[in-house]
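Down below is the structure, laid out as structure tokens.
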Amino acid sequence: MSKRGRYDLDSIPQDPPYLQPGALVEIQPPEFGYESPWHIATIVQRATPISSNRFVVRFTHLFQDQKTGNRPLRMISLGDIRPHPPPQRPRKFENGDHADAYHNNSWWDGEIVQELMNGNYLFRFTSDYQWPKYVEFEVNQLRLHRTWLHGHWIPPLEASEIAVEEVQREEEPTKKTMEMEEYNERALVEVANDEDGPNRAWYAAIIVTPVGNKRYLIQYTTMRTDDNSGFFGKVMDTLHIRPRPPDIEVPDQFVMLDQVDAFYKGGWWKGVIIKVLSDDSKYHVYLATHEEMEFKHSELRLHQDWIDGKWTKPSPVI
């Protein structure tokens with residue numbers, strides 16, 4: 001700083017375009033470890049002091065408050081930031097290709113295992129934190145893995161690889177998907193509790209009445225009060241409410257690696273069949289909570305995912 005108390009303009013770093021306010025970037029938050037995925041964010045401004053080489057960013061999905069929808073500002077070091085690559089044309093992958101998959105609103109490192117008969121690819125996640133380990137992806141949810149080193153992509157991103165228009169990726173926000181679901185009184189729904197964590201269970205409930213600001217008073221249908229005089233009621237927002245899944249035919253016998261929901265402590269918990277017992281009416285299920293438990297056939301249902309306002313079958317587990 002000069003005697004007049006002003007910065008020497010020559011000493012102020014001239015940031016490249018990808019670090020300018022409003023630029024879209026990818027960030028690997030250091031608190032999540034080196035195996036964490038790359039999350040999409042927007043540059044807000046360079047942090048002060050300038051010499052700190054940190055930037056104020058706002059993530060597009062990460063750290064979003066589920067009750068208010070607000071996304072707080074975060075301070076991120078330059079070493080944890082890289083450009084968001086331009087959309088790329090669908091490509092032909094080979095078995096063993098090092099690739100990234102767009103999953104749960106972020107880009108995960110992994111490997112192409114094989115091309116499937118339907119044109120999709122079986123992908124194996126590198127991270128031990130991702131479950132299940134093997135997931136099927138469409139080609140427009142995949143990209144060749146690249147490293148950002150000294151201001152360049154390695155391997156280089158050729159002009160011929162860049163798409164003219166951005167391909168719609170899994171779960172990227174659109175006007176339709178950002179709209180909250182609305183429910184009528186007495187609608188049958190399922191609700192989730194924050195205290196159950198990311199692998200939370202879904203509990204059957206009924207909408208009692210709307211209370212404003214996309215919040216509803218609900219009444220559980222499987223959880224009774226301590227004195228057994230009735231069922232619990234609670235005010236919940238639409239981020240924790242979904243419609244009841246449609247009834248689909250339950251097989252006479254589940255098989256290995258079937259994705260199921262297991263009824264436990266009044267709620268439905270996601271899991272995978274890992275062992276069929278000898279009498280064919282009981283199963284060992286590996287829950288998403290990383291617990292292995294035994295369930296009867298009558299305590300299981302086929303798992304379905306609520307995505308973009310519709311029920312879909314999950315990607316197969318291998």
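What you see is a predicted model; the values in this text were computed from it and never measured.
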Side-chain (Y203) to main-chain (M223) donor-acceptor, under 3.5 angstrom:
no
Determine, using ring centers only, whether F123 and Y134 are less than 6.0 Å apart.
no
Students often mix this up, so state it plainly: with edges at 30° and 60°, are the rings of Y286 and W131 parallel, tilted or perpendicular?
tilted
Taking the side chain as C-beta and beyond, is there a heavy-atom pair between Y264 and E299 under 4.5 Å?
no
Pair Q114-N95, side chain to side chain donor-acceptor pair (under 3.5 Å): steps then yes or no
CA-CA 5 Å; Q114 69 181 80; N95 295 352; over 6 Å; no
Give the other cluster members for I154, using side-chain heavy-atom distances under 4.5 Å between Ile, Leu, Val, Met, Phe, Trp and Tyr residues; answer none if it is isolated.
L149
Under 3.5 Å, is there a donor-acceptor pair between the side chain of W108 and the main chain of S127?
no
Checking R242 against E190 for the salt bridge (Lys or Arg N to Asp or Glu O under 4.0 Å) test, could you report, in this order, the C-alpha distance in whole Å, the side-chain angles of both residues, the deciding distance, and whether it holds?
CA-CA 5 Å; R242 69 182 188 184; E190 291 185 344; 2.9 Å; yes
Short side-chain donor-acceptor distance under 3.5 Å, E138 and N120
no
Hey, quick one: are W268 and V260 part of the same hydrophobic cluster, counting side-chain heavy atoms closer than 4.5 Å, chains of contacts allowed?
no
Salt bridge (charged side-chain N to carboxylate O under 4.0 Å, His left out) contacts touching residues 104-123 (sequence neighbours left out):
K92-E115, E111-R124
Parallel, tilted or perpendicular: which one describes the rings of H297 and F254, with boundaries at 30° and 60°?
tilted
Between Q28 and S36, is there a donor-acceptor pair closer than 3.5 Å when you use the side chain of the first and the backbone of the second?
yes
Counting distance only, does the side-chain N/O of T222 pair as donor-acceptor with the main-chain N or O of G266 below 3.5 Å?
yes
How long is the span from the CE atom in M75 to the CZ atom in F55, to the nearest 0.5 Å?
11.5 Å
Pairs touching residues 72-87 that satisfy salt bridge (charged side-chain N to carboxylate O under 4.0 Å, His left out), sequence neighbours left out:
E26-R82, E31-R74
